[in-house]
Amino acid sequence: MLTKEQNDLVTLTGPGTPGGKLFRNYWLPVAMESDIPEDAPIAIKALHQDFVLFRDEAGKVGLLDLVCPHRGADLSYGRIEAGGLRCVYHGWVFDTNGKCLEQPAEPPGKDFCHMIKHGAYPVRVMGGMIFAYLGEGEPPAFPEWECLQVPDNHRYVVRSRERCNWLQGLEGDIDPYHLSYLHFALPSARATLSDSNAGPVYEFFRHGTPRMEVERTDYGVRIYAMRDLRNEAYLRISNFICPNIAIVAGSSDGDGYMALWHVPIDDEHHFKYQLVFKRKGEINLSWERHQAEMQWDPKNPTRLPERNKENRWLQDRKDMKAGWFAGLGHAFGLHDNWATEAMGPIYDRSKEHLGHGDKAIVGARRTLLAAMEELDTGKELPFRITDSQQMKQKITEIVVASLISPDKDNYKEVFYAQHMAASKAAAAE
Ligand code: FES
Ligand SMILES: [Fe+2]
């Protein structure tokens with residue numbers, strides 16, 4: 001449970017809020033690469049702020065403040081030309097760094113381009129997404145997640161627009177317990193599950209009450225959910241990474257992971273970027289696409305899914321008896337969409353009652369509140385790393401697991417020690 005003041009701190013990201021400042025210390029996905037048409041800019045919004053996103057004639061991506069610094073026109077109506085983006089009101093041109101290149105209404109030699117510095121933000125295009133640093137000063141090292149660097153057939157990214165505060169979405173991702181209920185398929189519906197959630201682990205979800213352990217780390221929280229059943233044990237390791245990332249097993253079947261970023265649009269809406277990654281095998285693209293298409297139109301993230309809040313997600317009481325526990329169809333993302341949106345736009349955490357199964361949620365909130373206290377002290381924030389080598393090393397410590405162990409003694413410690421020894425050896429090579 002949080003106080004009202006704490007709830008505001010962890011949810012609100014508007015101008016001047018501690019949350020808004022915290023988010024501006026990190027690289028955030030702000031669009032999909034495919035959003036930008038070849039020869040036109042688009043308007044986007046993140047952290048309550050409006051931007052124009054475009055590619056110049058050389059293909060370089062630029063992210064600028066939306067409003068023209070001349071007399072306030074909307075730059076997303078501009079033309080791609082003259083080495084940048086030309087405002088169609090009076091023809092000023094800006095390059096991807098926000099440098100003013102032309103002011104055609106000024107007499108020759110009298111322009112004052114050098115006095116204009118339009119707001120521009122560093123961007124990185126990786127893994128089909130556009131990441132931006134919306135803060136001031138030098139950005140931290142870009143976290144080059146393995147999932148962003150592999151060939152396209154090893155990952156699938158989908159972005160959805162969620163009509164609720166960003167933290168509701170994030171808290172769902174790092175909650176290992178709800179798999180046993182919200183996403184549970186009754187035996188007759190097992191065939192519609194992905195390999196990672198069917199098969200041998202299925203019985204653990206149904207019958208194994210998890211033991212939760214949470215470790216606060218310098219990047220956020222490492223979460224162990226352990227379920228013992230007869231002579232076996234099931235271990236799932238997930239992570240919360242400050243301020244808004246979850247790295248979990250998801251539907252990756254233990255080979256790879258699922259990465260999720262929740263990026264506030266404003267306090268009552270956010271974009272969820274969900275990336276499924278397989279390390280050894282190719283991704284099951286048709287299954288992932290099918291799941292995504294049941295939920296959202298990848299080309300139009302503002303379109304409502306067929307099941308939505310207005311129609312009570314078409315909850316089906318017959319299906320609850322013979323198909324899916326929650327009667328909300330078999331798209332996991334829609335189950336989560338119900339859980340988070342039906343709570344209301346900004347959930348009031350001063351009224352809840354947390355238990356053992358909520359340890360991960362408590363750990364993440366503590367991390368966020370502690371990070372906000374550090375904001376103006378100059379101390380390093382969790383996972384804000386300026387050195388790129390250190391960032392690479394840190395990423396190797398972020399372990400994901402979904403495995404059944406035949407050994408019911410110390411399986412968490414054994415797995416983790418083995419994994420860390422292997423990644424240290426790899427880093428030393
Ligand atoms: S408002 Fe953009 S050039 Fe005048
Ligand atoms: Fe979920």
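Counting starts at 1 for both ligands and their atoms, following the listed order. All values reported here derive from a predicted model rather than from experimental measurement.
- Between R365 and E352 a salt bridge is recorded (basic side-chain N to carboxylate O distance below 4.0 Å).
- What sits closest to atom 1 (S) of ligand 1 on the protein, heavy atoms only, is R71 N, 3.3 Å.
- Remark: the backbone N or O of C68 is not paired with any side-chain donor or acceptor of Y89 at under 3.5 angstrom.
- Taking the ring centre of Y234 as origin, the terminal cationic atom of R227 falls outside the region bounded by 6.0 Å and 45° from the ring axis.
- Taking 2.8 Å as the criterion, C87 counts as a coordinating residue of atom 2 (Fe) of ligand 1, since one of its N, O or S atoms falls below it.
- Residue side and main chain included, C68 places an N/O/S atom under 2.8 Å of atom 2 (Fe) of ligand 1.
- Rounded to the nearest 10 degrees, the angle OD1 (D336) to the Fe ion (ligand 2) to NE2 (H183) equals 90°.
- The closest approach of H178 to the Fe ion (ligand 2), by N/O/S atoms, is made by NE2.
- With hydrogens and angles ignored, the 3.5 Å screen pairs no side-chain donor or acceptor of D319 with any backbone N or O of A322.
- Heavy-atom minimum distance, F332 versus Q291: N-OE1, 3.3 Å.
- Between R155 and E146 there is no salt bridge, since no side-chain nitrogen of the basic residue lies less than 4.0 Å from a carboxylate oxygen of the acidic one.
- The atoms of ligand 1 that sit less than 4.0 Å from any heavy atom of A73 are 1 (S).
- Note on K272 versus D173: no salt bridge recorded, every NZ/NE/NH1/NH2 to OD/OE distance being 4.0 Å or above.
- Close approach of ligand 1 to W92 (heavy-atom distance below 4.0 Å) involves ligand atoms 3 (S).
- Atom 4 (Fe) of ligand 1 is closest to atom ND1 of H90 (considering only N, O or S atoms).
- Of all N/O/S atoms in H70, ND1 sits nearest atom 4 (Fe) of ligand 1.
- Within the coordination shell of the Fe ion (ligand 2), defined by N, O or S atoms under 2.8 Å, H335 is absent.
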